[in-house]
Amino acid sequence: MEREVIQEIRNRLKKAKRFVFLGGAGVSTASGIPDFRSADGIAKTTEKYGLSYENILSHRFFFEHTDLFYDFYWSSMVHEGAKPNLAHAVLKDFGDRHILFIVTQNIDGLHELAGSKRVIPVHGTIHSYTCVSCGQKATLDQIPHHGVPLCPRCHAPFKPDVVLYGEPLGEEELMGAKAATEYADALIVGGTSLQVYPINELPLYFSGQVSVLINREPTPLDGRFDYVIRADVGETLRALLEDL
């Protein structure tokens, strides 16, 4: 993007006091975590199952085929050793100096690992688990990273605290994301196709001063933004927010 346009956006962002960043899978690809829809994304890894990732990562499939669910989950959804990348670092630094809420569709916990404080993980996290029978809690570090993890109290399966297909989003997270967006002065969306309901409707709640979309591919809501940037999320965030 032209330097003049970047500076124009920066000048408008300087007037804002409350910021929201809405991020998707494209924020974490630089950390080695694949997205869902690209040629090398998670959809590719489902070929051996003969099912779509929407089926495998569904509430129904978890309970009917728990072993196959976890076979896919451990190989495709949990990426041990993944580290925060430039996008996470820029947002953490910006959030230390400004009122910034991060609404993330990702379940990897990398924003929290980077040190960001106001994070709303609307699709949950791979880092915590709940027994489907007795409600016992566990962290990722407390369960084996292979096979079906079983509760030590009642021996029922643990379920990851992520929102599976067919499950509603947590009411607290959804209301928090809507409120943060509605009362923000500036909205930056990055690395998301804006196709997953209901999070794809969040930009519709925004009525602030400036909105920016950073995504390599077109989205259904491109026309709702003041600026649309087809570039790398991390580098663009650095150009927009560093030293702001």
Side-chain angles (χ1 to χ4, degrees), residues 1-41 84-106 108 110-111 114 116 118-120 122-123 177-178 180-197 199-244:
M1 174 155 274
E2 296 181 4
R3 184 177 302 175
E4 293 80 6
V5 177
I6 292 292
Q7 188 57 52
E8 178 182 319
I9 299 173
R10 283 176 58 87
N11 289 339
R12 295 185 65 178
L13 290 174
K14 287 177 182 178
K15 301 174 183 178
K17 294 183 178 180
R18 294 175 62 91
F19 300 80
V20 168
F21 175 80
L22 167 60
V27 175
S28 292
T29 51
S31 296
I33 299 177
D35 61 13
F36 281 82
R37 294 178 175 84
S38 70
D40 297 319
N85 60 50
L86 176 61
H88 301 105
V90 170
L91 290 169
K92 188 271 179 186
D93 179 68
F94 188 77
D96 286 345
R97 296 178 285 109
H98 300 274
I99 299 174
L100 169 68
F101 288 88
I102 298 173
V103 179
T104 179
Q105 296 173 274
N106 298 333
D108 50 48
L110 292 182
H111 285 294
S116 290
R118 302 182 187 93
V119 182
I120 305 174
V122 290
H123 289 158
K178 287 180 178 179
T181 304
E182 185 176 1
Y183 293 105
D185 301 314
L187 170 67
I188 301 175
V189 176
T192 173
S193 62
L194 291 174
Q195 294 185 31
V196 178
Y197 177 85
I199 298 305
N200 62 341
E201 293 190 343
L202 280 183
L204 304 181
Y205 289 86
F206 178 73
S207 59
Q209 301 170 11
V210 56
S211 58
V212 182
L213 172 65
I214 310 165
N215 202 59
R216 292 192 180 278
E217 302 296 329
T219 79
L221 293 182
D222 280 10
R224 296 282 305 188
F225 292 85
D226 298 318
Y227 302 92
V228 176
I229 303 175
R230 305 278 184 232
D232 177 77
V233 176
E235 292 293 343
T236 304
L237 286 175
R238 179 161 62 181
L240 292 176
L241 302 180
E242 194 169 54
D243 300 324
L244 194 66

request  = Run the salt-bridge test on Arg10 and Asp243 with the 4.0 Å N-O cut-off and return the result as yes or no.
outcome  =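 The answer is no: the pair does not qualify as a salt bridge.
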Atom pair [atom1] ([X]) and [atom2] ([Y]), whose distance is rounded to the nearest 0.5 Å:
{"X": "Thr181", "Y": "Leu204", "atom1": "OG1", "atom2": "CG", "answer": "10.0 Å"}
{"X": "Asn11", "Y": "Ile6", "atom1": "CG", "atom2": "CD1", "answer": "11.5 Å"}
{"X": "Leu22", "Y": "Ile102", "atom1": "CG", "atom2": "CD1", "answer": "11.0 Å"}
{"X": "Leu91", "Y": "Asp96", "atom1": "CG", "atom2": "CG", "answer": "11.0 Å"}
{"X": "Ser28", "Y": "His111", "atom1": "OG", "atom2": "NE2", "answer": "6.0 Å"}
{"X": "Ile99", "Y": "Phe19", "atom1": "CD1", "atom2": "CZ", "answer": "9.0 Å"}

Taking every non-hydrogen atom, the tightest pair across [X] and [Y]:
{"X": "Ala184", "Y": "Val20", "answer": "CB-CG2, 3.7 Å"}
{"X": "Leu213", "Y": "Leu194", "answer": "CD1-CD1, 4.3 Å"}
{"X": "Ala16", "Y": "Asp185", "answer": "CB-CB, 3.6 Å"}
{"X": "Leu244", "Y": "His98", "answer": "O-NE2, 3.0 Å"}

task = Just do the side-chain contact (heavy atoms from CB on, under 4.5 Å) check on Phe225 and Leu187 with the steps written out, would you?
result = CA-CA 9 Å; Phe225 292 85; Leu187 170 67; 4.1 Å; yes
Is there a side-chain contact between [X] and [Y] (heavy atoms, below 4.5 Å)?
{"X": "Val212", "Y": "Asp226", "answer": "no"}
{"X": "Leu202", "Y": "Val189", "answer": "no"}
{"X": "Ile199", "Y": "His123", "answer": "yes"}

ask   = After noting the C-alpha distance and the side-chain angles of Phe21 and Phe94, does the key distance pass the ring-ring contact (aromatic ring centres under 6.0 Å, His included) rule?
value = CA-CA 11 Å; Phe21 175 80; Phe94 188 77; over 10 Å; no
ask   = Yes or no on side-chain contact (heavy atoms from CB on, under 4.5 Å) for Thr219 and Gln195, after CA distance, side-chain angles and deciding distance?
value = CA-CA 8 Å; Thr219 79; Gln195 294 185 31; over 6 Å; no
key: Full working for side-chain contact (heavy atoms from CB on, under 4.5 Å) between Ile229 and Ile9   = CA-CA 11 Å; Ile229 303 175; Ile9 299 173; 4.0 Å; yes
Are any side-chain N or O atoms of [X] and backbone N or O atoms of [Y], one a donor and one an acceptor, separated by less than 3.5 Å?
{"X": "His88", "Y": "Ser31", "value": "no"}
{"X": "Asn85", "Y": "Val27", "value": "yes"}
{"X": "Asn106", "Y": "Ala25", "value": "yes"}
{"X": "Arg230", "Y": "Ile214", "value": "no"}
{"X": "Arg224", "Y": "Phe206", "value": "no"}
{"X": "Asp35", "Y": "Gly26", "value": "no"}
{"X": "Arg18", "Y": "Ala186", "value": "no"}
{"X": "Arg12", "Y": "Gln209", "value": "yes"}
{"X": "Asp93", "Y": "Val90", "value": "no"}
{"X": "Thr192", "Y": "Gly23", "value": "no"}

message = Set out, in order, the CA-CA distance, both residues' side-chain angles and the distance that settles side-chain contact (heavy atoms from CB on, under 4.5 Å) for Thr29 and Val233, then state yes or no.
response = CA-CA 10 Å; Thr29 51; Val233 176; over 6 Å; no
